[in-house]
Amino acid sequence: MLASEGPRVTVEGFDGPLELLLELVEEKKLDILTVRLGDLADAYLARVRGLAALPADEVASFLALASRLVLLKARSLLPALEPLAPEDEGESEEELRARLMEYAVVRERAASLGQRLRSGERAFHREGGTPVDLPPRGGEVGALAAAWTRVLALAARQRQEDMVAPGERYSVEERTAEIETIVTERGAVAFSELLGPAPTLGWAVVTFIALLDLYRRVVVDLEQSGLFADILIRRRERGGALADR
Amino acid sequence: MRSQTASAVEAVLFVAEKPVSRGELAKIVGATPRQVEAALAELAEAYAGSGLRLAHDGDDWQLVTSPEQATAVAAYLGVDRLRVSPASLETLAVIAYRQPVTRAEVEAIRGVNCDQTIYTLMQRRLIEERGRREAPGRPILYGTTWEFLECFGLASLDELPRALTPEGAITGPSAP
Amino acid sequence: MRSQTASAVEAVLFVAEKPVSRGELAKIVGATPRQVEAALAELAEAYAGSGLRLAHDGDDWQLVTSPEQATAVAAYLGVDRLRVSPASLETLAVIAYRQPVTRAEVEAIRGVNCDQTIYTLMQRRLIEERGRREAPGRPILYGTTWEFLECFGLASLDELPRALTPEGAITGPSAP
């Protein structure tokens with residue numbers, strides 16, 4: 001089906017014999033409806049003469065039309081030729097004219113399509129926009145607000161019941177950030193306070209490592225008045241950047 | 001202010017990634033096909049002079065940007081202008097106005113071999129196969145695509161530019 | 001009939017797959033940020049009662065379907081309504097109202113481990129990472145997404161209900 005995938009060879013810019021013929025009609029400002037096509041034979045042949053160097057099958061179609069035009073011309077000059085078996089000669093002048101007119105319409109349409117293309121006034125659709133794994137829809141903002149209220153109520157109650165050490169899940173990084181915030185706000189804090197009333201082993205370790213990290217980064221000073229006394233964590237004058245609100 | 005049906009149709013066409021048929025729209029928004037038709041007409045009117053446009057290919061509908069805003073959209077998407085050779089444009093013109101049409105029919109009209117141009121147009125998804133003609137050899141039929149409508153800024157095939165040349169019996173109607 | 005700038009902005013937002021900032025819009029449509037602002041206001045007004053809506057997150061703008069048409073859109077997309085556990089909803093509420101927020105902060109407020117719920121919400125793309133807090137350990141910050149706004153039919157975060165009646169806490173389903 002796709003026999004000729006290479007670039008098409010065109011004859012001096014003409015894509016086919018019909019195009020060349022139409023070009024001559026337009027060039028000579030003739031009317032397709034009334035022009036005697038045979039009269040164009042000489043001009044057509046003159047153009048075709050330059051085609052010798054082109055592939056045979058390309059030239060052949062131009063020559064086939066040229067021969068038709070020469071015959072039409074001969075017939076108009078010698079009306080006596082008319083009785084020659086018309087069926088063998090392929091299309092009549094009227095048929096050729098009809099084809100040419102149809103082709104003229106196609107060319108005109110192609111030109112207006114080309115015009116549209118050049119104007120760049122094209123449309124665009126939405127490409128995707130909806131991912132394959134569709135996010136949920138139809139959430140109720142009221143339920144969300146209610147959940148927020150509930151959380152706030154729970155958090156308030158928790159605060160009233162005295163803050164319990166919030167479990168062992170804290171990472172050292174988060175604990176460090178937390179202690180840094182406290183120290184920034186209050187200047188100093190006791191180690192016992194950081195541990196809370198009933199610290200788990202994990203909580204104590206995380207808190208202690210966090211303190212060591214802060215000390216290493218020269219964010220805090222550690223003071224201890226005596227053996228086994230409470231450690232006081234005091235903020236250094238030039239502490240690290242503290243973005244926490 | 002739109003009717004409820006028009007708003008629903010609008011929202012569905014907005015999220016749709018491909019054209020939606022009128023029947024499908026009716027089922028989704030819970031309306032009759034006739035109500036959907038009225039809603040589509042309402043939307044088409046509402047989009048006049050806006051940045052959006054309602055396009056359709058037969059009974060399939062899609063929301064697209066209006067061609068007047070192509071510059072801004074192309075700038076945003078970084079899209080290059082489509083280039084089509086004059087030869088390909090001729091083949092495309094025959095297919096657009098005569099679809100569905102076989103390669104042989106295109107070649108008869110253009111008077112040249114159209115293998116290459118049809119291949120190029122297929123590659124650019126401006127045309128597509130539309131089944132086969134029930135005739136000896138069952139030749140492939142070609143028609144234009146949604147991309148064709150988009151690239152040429154046509155809301156539908158009805159907007160194909162009319163030729164100025166009197167057509168007469170030579171140029172058949174563009175049967176669907 | 002829209003102004004040219006409004007139509008251009010509309011067309012660009014239509015094809016955009018992600019929110020577009022006002023500055024970017026201005027550059028693309030060749031207008032000043034102030035003109036774009038006027039165009040956005042014009043569009044927001046034009047969409048009243050339509051199937052579309054102009055949503056924004058800060059200075060980033062996006063065209064979305066209007067919440068009133070959620071049923072039709074869901075019917076087309078074949079998507080279930082939001083189904084998250086009360087626990088996930090609470091975590092989502094904390095993140096929505098307190099964003100950007102770290103996991104530790106969410107856990108401090110809720111008083112429970114939130115690993116799983118944060119994972120679920122991330123998977124459903126209701127929340128996303130929003131950089132890191134400039135603090136030791138540089139913990140990840142979370143915030144809500146565009147999908148969140150769409151899911152809850154909010155044009156922006158400003159629309160989150162503020163007035164919380166005490167009844168709200170009582171009538172809601174109990175936390176796990």
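A note on names: the letters A, B, ... follow the listed sequences, proteins ahead of strands, and every chain is numbered from 1.
With a threshold of 4.5 angstrom between heavy atoms, B:V20 approaches chain C through side-chain atoms but not through N, CA, C or O. Residue C:L63 touches chain B through both its backbone and its side chain, counting heavy-atom pairs closer than 4.5 Å. Proximity to chain B (any heavy atom under 4.5 Å) is restricted, for C:E24, to the side chain, taken from C-beta onward.
Across all non-hydrogen atoms, the minimal contact from B:A72 to C:A8 is CB-CB, 4.1 Å. Between B:V73 and C:V15, the shortest heavy-atom distance links the atoms CG1-CG2, 3.7 Å. Contact record, B:F14 with C:T65: CD2-CG2, 3.6 Å, taken as the closest heavy-atom pair.
Within a 6.0 Å radius of CZ in B:R132, more than 12 heavy atoms belonging to other residues, nucleotides or ligands are found.
A heavy-atom distance below 4.5 Å is found between the side chains of C:L52 and B:L52. Looking only at side-chain heavy atoms (C-beta outward), B:E68 and C:Q4 stay at 4.5 Å or farther from each other. Contact of the B:V29 side chain with the C:Y76 side chain is not registered, since no non-hydrogen atoms from C-beta on lie closer than 4.5 Å. Side-chain contact between C:E10 and B:S50: present, with at least one pair of heavy atoms (C-beta onward) separated by less than 4.5 Å.
A side-chain donor-acceptor contact under 3.5 Å links B:S7 to the backbone of C:G49.
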